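Throughout, residue positions are numbered sequentially from 1 according to the sequence presented. Bear in mind the structure is a predicted one, so any value in this text is a computation, not a measurement.
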Amino acid sequence: MTKNIKQKKISYAKYIKPYLSAFILGPLFMLVEVFGEVVMPKLLALIIDEGVNNERGTGYVIFIGVCMVLMALFMMVGGVLGAYFAIKASTKFANDLRKDIFAKVQKFSFANIDKFSTGSLVTRLTNDITQIQNFIAMILRMALRAPGMMIGAIIMALAINAKLAGVVIAVIPFLIIVMGVILKFGYPKFKAMQNKLDTLNNSSQEGLTNIRVVKSFIREDFQTEKFETANKDLRDTSLSALHIMVAVMPAMTLVMNVTVLAIVWFGGNQIINNTGMTVGNLSSFITYVMQILMSLMMTSMIFLSSSRVMASSKRIKDVLAEEVDLTDDDAKCKDSEVSDGSIEFNNVNFKYYKNNEEWVLENLNFKIESGETVGIIGSTGSGKTSLVNLIPRLYDTDEGEVLVGGINVKDYSLTKLRDAVSCVLQKNLLFSGTIAENLRWGNEEATDEELKTAAKYAQADSFVSNFADGYDMELGQGGVNVSGGQKQRLCIARALLKKPKVLILDDSTSAVDTATEANIRKAFKEQLENVTKIIIAQRISSVMDSDKIIVMDEGKIMGIGTHDELMKSCETYQEIYYSQVDKEVTA
């Protein structure tokens, strides 16, 4: 991602520390279960060799049987508590990690967000963290159980018959090699699989979010094909990764079965030849061999899962390690409120990608007095939106400075600056919930009367009042059940509820008719006299009455002045004006 990610080391210790007791108790209680598993075969051998073959009587068999029942209960308590603490630790670990990832993303600047796709961030917050959660639960249940069972079973097997135990020990190096192969080839495959999952999520989100556009252009087949391609890529990559599991498990099972057959063969011969092996001991020995091999299989499962978790962990750490490139840590006036809506650009240069040679905005110099209405006009891609994004510090300048209320925006706290600057962006977004709940994003404490007043200024109250539920009407995700013009007016009302010093409308009346737009401008002029209003528009009629108009082209200011002044002095403005007037006359 960036050099910052390589330099910053991320540790999960902070997510373990609050639940350290659960992280410790989980494995310890699993050892209780291991102890029972190691002792049980020996008790069974005593029943066979002492209780049956030596005819010590039913009482002895019952006594050992009761001991086995008590041991089973003891194991059950250990297993249940071990599983409980493992689940508790892993779930709370994942909860805290997910919370921190989401909080980190909320702090991202627009530049940070540009580095990660939305689908990728969703995958990291859900699938990747779930992979880590499941792995922690497995580790806590197996980390001590697998080696504990192996060590206990090896000791017991050696105590029964050291020569026969050599057969098992000879198999262990082979299984260790298999684990090494798993780790080497598994990690890159599982990393690729998570990346393919990102692509699928992006395709799904885009297709479902824009389903109305897809249908209006009859592009269902195209979207279906696009989804199927991403889905097929994920399937093929997943199969490639899971082939490791498919190949490894049967191979290890074969090794186990062959080992058991060898034990039965050599052990059976010792019984027949009466060379120290008893039926009970052979039975328990086989159980211990199975425990040794099972513990190795558990270990191999840990290694197999770790290769996938390593890929997920890397992706999680990429987000945690991403340096937020826009903060107010060095702000000199953190406690200062924005005094007024005056704005000044001094020798401002800006570009999105810092290794690009050309500036997106170049040598911008202008001043806006508090309370003025300023229009910004220019062709698509001329830098209008980039300019206004610098005012609330959605991006930072590369050179020069932007002042609001006479203070450099970098010297304010982000909260105080953005409280004073209200933006209605090009893409009007509403959230699921009622209209009132959406409007109160601008001011959580707003009264019903304040909602209606802001809606009236934005020319939204008339259509909202006609809804059956009025301001309590439920909006679908993104506001899909209102029109584009209605959505724009609701977003303007939401911005007004902040009672800002600066109001920025980025082409946010494009979907309303000219009469409604004129009413909005009139309300702004009469009711928002002390608020600085910046209006980006494609229609020249939207900015003609502004106190001043800034004309943009290719990131540069081509002219600043009133409509009449620009008609005399700015060729770019004249071209825009006459091109739109000619269209209106033709129409």
Side-chain angles (χ1 to χ4, degrees), residues 102 105-106 118 122 205-206 208-216 385 388 392 394 415 418-528 531 533-537 539 542:
F102 188 81
V105 172
Q106 297 302 306
T118 304
V122 170
Q205 184 181 43
E206 186 178 60
L208 295 174
T209 302
N210 301 317
I211 188 66
R212 285 166 173 75
V213 177
V214 172
K215 288 185 174 296
S216 65
T385 298
V388 296
L394 300 179
T415 300
R418 291 174 182 173
D419 271 345
V421 180
S422 199
C423 299
V424 183
L425 302 175
Q426 280 181 322
K427 190 174 183 181
N428 299 284
L429 292 177
L430 297 171
F431 299 87
S432 54
T434 66
I435 290 176
E437 288 170 345
N438 270 272
L439 295 182
R440 285 195 172 96
W441 273 65
N443 179 3
E444 292 182 35
E445 307 301 324
T447 64
D448 291 344
E449 189 58 37
E450 287 174 322
L451 292 185
K452 288 181 69 69
T453 299
K456 285 178 181 177
Y457 292 166
Q459 305 301 302
D461 181 65
S462 55
F463 72 79
V464 172
S465 299
N466 287 331
F467 292 143
D469 296 324
Y471 287 87
D472 292 325
M473 173 183 163
E474 287 284 338
L475 295 175
Q477 185 178 14
V480 294
N481 50 343
V482 292
S483 71
Q486 291 172 336
K487 193 185 300 185
Q488 285 187 333
R489 283 177 276 173
L490 289 173
C491 289
I492 293 171
R494 180 174 63 188
L496 292 176
L497 278 169
K498 286 181 69 175
K499 298 180 181 178
K501 298 287 196 309
V502 178
L503 175 64
I504 298 172
L505 304 178
D506 188 355
D507 203 20
S508 51
T509 56
S510 58
V512 302
D513 60 84
T514 53
T516 301
E517 184 186 20
N519 288 333
I520 293 173
R521 294 201 309 271
K522 181 181 178 183
F524 284 179
K525 188 173 183 178
E526 294 175 353
Q527 306 297 333
L528 305 177
V531 177
K533 299 162 284 292
I534 299 176
I535 302 170
I536 295 176
R539 294 192 296 238
S542 302

Open item on the list: With a 3.5 Å distance limit and no angle check, can you tell me whether Arg418 reaches the backbone of Pro392 through a side-chain donor-acceptor pair?
Closed with: yes
Open item on the list: For a quick check under 3.5 Å, do Tyr471 and Asp461 share a side-chain donor-acceptor pair by atom type?
Closed with: yes
TODO: Give a yes or no on this: more than 12 heavy atoms of other residues, nucleotides or ligands lie within 6.0 Å of atom CZ of Phe467.
DONE: yes
Task: Salt bridge present between Asp448 and Arg440 (N-O < 4.0 angstrom) - done: yes
Open item on the list: For Tyr457, run the side chain to side chain donor-acceptor pair (under 3.5 Å) check against Lys452, Gln527, Glu526 and tell me which one passes.
Closed with: Gln527
Open item on the list: Is any side-chain heavy atom of Cys491 closer than 4.5 Å to one of Leu430?
Closed with: yes
TODO: Could you tell me whether the side chain of Asp506 and the main chain of Ile536 form a donor-acceptor pair under 3.5 Å?
DONE: no
Open item on the list: Could you check whether Lys522 pairs with Glu517 (Lys NZ or Arg NE/NH1/NH2 to Asp/Glu carboxylate O, under 4.0 Å)?
Closed with: no
Open item on the list: What I'd like to find out is whether the side chain of Asn438 reaches to under 4.5 Å of the side chain of Arg494, using heavy atoms alone.
Closed with: yes
- [ ] Please test Thr434 against Asp472 for side chain to side chain donor-acceptor pair (under 3.5 Å), starting from the C-alpha separation and ending with a verdict.
- [x] CA-CA 5 Å; Thr434 66; Asp472 292 325; 5.0 Å; no
Task: Closest approach of Ser508 to Val424 (non-hydrogen atoms, all atoms of both residues) - done: CB-CG1, 3.4 Å
- [ ] Would you name the heavy atoms of Gly442 and Lys498 that are closest together and state the gap between them?
- [x] O-CG, 3.2 Å
TODO: Heavy atoms only: give me the nearest Ser542-Ala537 pair and the separation to one decimal.
DONE: CB-CB, 3.5 Å
Open item on the list: If you define the side chain from C-beta out and look only at heavy atoms, does anything of Leu496 sit under 4.5 Å from Phe524?
Closed with: yes
Task: Residue pair Asp507 / Gln488: nearest heavy atoms and the distance that separates them - done: O-NE2, 3.7 Å
TODO: Hey, could you give me the CD1/CZ distance between Ile535 and Arg521, rounded to the nearest 0.5 Å?
DONE: 7.0 Å
TODO: Kindly compute the distance separating CD (Glu474) from OG (Ser432), expressed to the nearest 0.5 Å.
DONE: 8.0 Å
- [ ] Check the side chains of Thr516 and Asp513 for a donor-acceptor pair under 3.5 angstrom, ignoring hydrogens and angles.
- [x] yes
Open item on the list: Is it the case that the side chain of Arg489 and the backbone of Gln459 share a donor-acceptor pair, with hydrogens and angles ignored and the cut-off at 3.5 Å?
Closed with: yes
Open item on the list: Could you tell me if the side chain of Leu490 sits less than 4.5 Å from the side chain of Lys487, heavy atoms only?
Closed with: no
Task: Non-hydrogen side-chain atoms of Leu505 and Ile534 separated by less than 4.5 Å - done: no
TODO: Check side-chain hydrogen bond (donor to acceptor under 3.5 Å, both in side chains) between Thr453 and all other residues, then give those that pass, not counting sequence neighbours.
DONE: none
Task: Flag side-chain contact, heavy atom, 4.5 Å: Ile504 against Val421 - done: yes
Open item on the list: Contact between Leu497 and Trp441 at the side-chain level, heavy atoms closer than 4.5 Å - yes or no?
Closed with: no
Task: Neighbour count >12 (heavy atoms, 6.0 Å) for atom CD, Gln106 - done: yes
Task: side-chain contact (heavy atoms from CB on, under 4.5 Å) between Glu450 and Lys499, intermediate numbers included - done: CA-CA 11 Å; Glu450 287 174 322; Lys499 298 180 181 178; 3.2 Å; yes
Task: Heavy-atom closest contact (Ile435 atom, Gly470 atom, distance) - done: CD1-O, 3.8 Å
